[in-house]
Amino acid sequence: GGTVVLAFEGTGTFSGTLSGAFTSGKSYIQATLNSDLSAGYIVTAEFPDEDSFILIQRLSNASAINNAGIYVGIRVYL
């Protein structure tokens with residue numbers, strides 16, 4: 001258990017850390033944008049290691065966006 005520490009890494013990029021919390025192959029992120037999806041906004045998510053995750057908000061043309069708003073759910077299965 002514990003609290004995920006969130007950080008703003010730059011325009012459209014956020015990270016979260018919690019030591020040992022994101023088990024490889026058992027962690028899942030569901031991210032929902034709070035914006036007009038017809039504009040082509042997408043979110044990519046990755047777990048670079050078992051201590052962290054990264055979320056990147058982008059337009060479909062790969063330029064970074066700012067202030068789109070996002071809801072995030074993280075599950076770790078046993």
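Heavy-atom basis, side chains included; hydrogens, waters and symmetry copies ignored.
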S15: which residues meet the side-chain hydrogen bond (donor to acceptor under 3.5 Å, both in side chains) condition with it, sequence neighbours left out?
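If we apply the side-chain hydrogen bond (donor to acceptor under 3.5 Å, both in side chains) test to S15, skipping adjacent residues, the hits are E9.
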Nearest heavy atoms of A45 and I29, plus distance in Å
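Nearest heavy atoms, A45 then I29: CB-CD1, 3.9 Å.
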Pairs in or reaching into residues 18-31: which pass side chain to side chain donor-acceptor pair (under 3.5 Å), with residues at least two apart or in two chains?
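Residue pairs passing side chain to side chain donor-acceptor pair (under 3.5 Å), neighbours aside: none found.
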Output the distance between atom CG (L55) and atom CG (L6), rounded to the nearest 0.5 Å.
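Reported to 0.5 Å precision, the distance equals 8.5 Å.
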Suppose we screen for ring-ring contact (aromatic ring centres under 6.0 Å, His included). Which residues come up paired with F47, at least two apart in sequence or across chains?
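F47 satisfies ring-ring contact (aromatic ring centres under 6.0 Å, His included) with F22 once adjacent residues are dropped.
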Is V72 close to F14 at the side-chain level, that is, under 4.5 Å between some pair of heavy atoms?
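A side-chain contact is absent here, since even the closest heavy-atom pair is not under 4.5 Å.
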Please give the remaining members of the hydrophobic cluster of I54, linking ILVMFWY side chains under 4.5 Å, ordered by chain and number.
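Members alongside I54: I56.
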V5: what forms a side chain to side chain contact (heavy atoms under 4.5 Å, CB included) with it, not counting sequence neighbours?
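V5: side chain to side chain contact (heavy atoms under 4.5 Å, CB included) contacts with T17.
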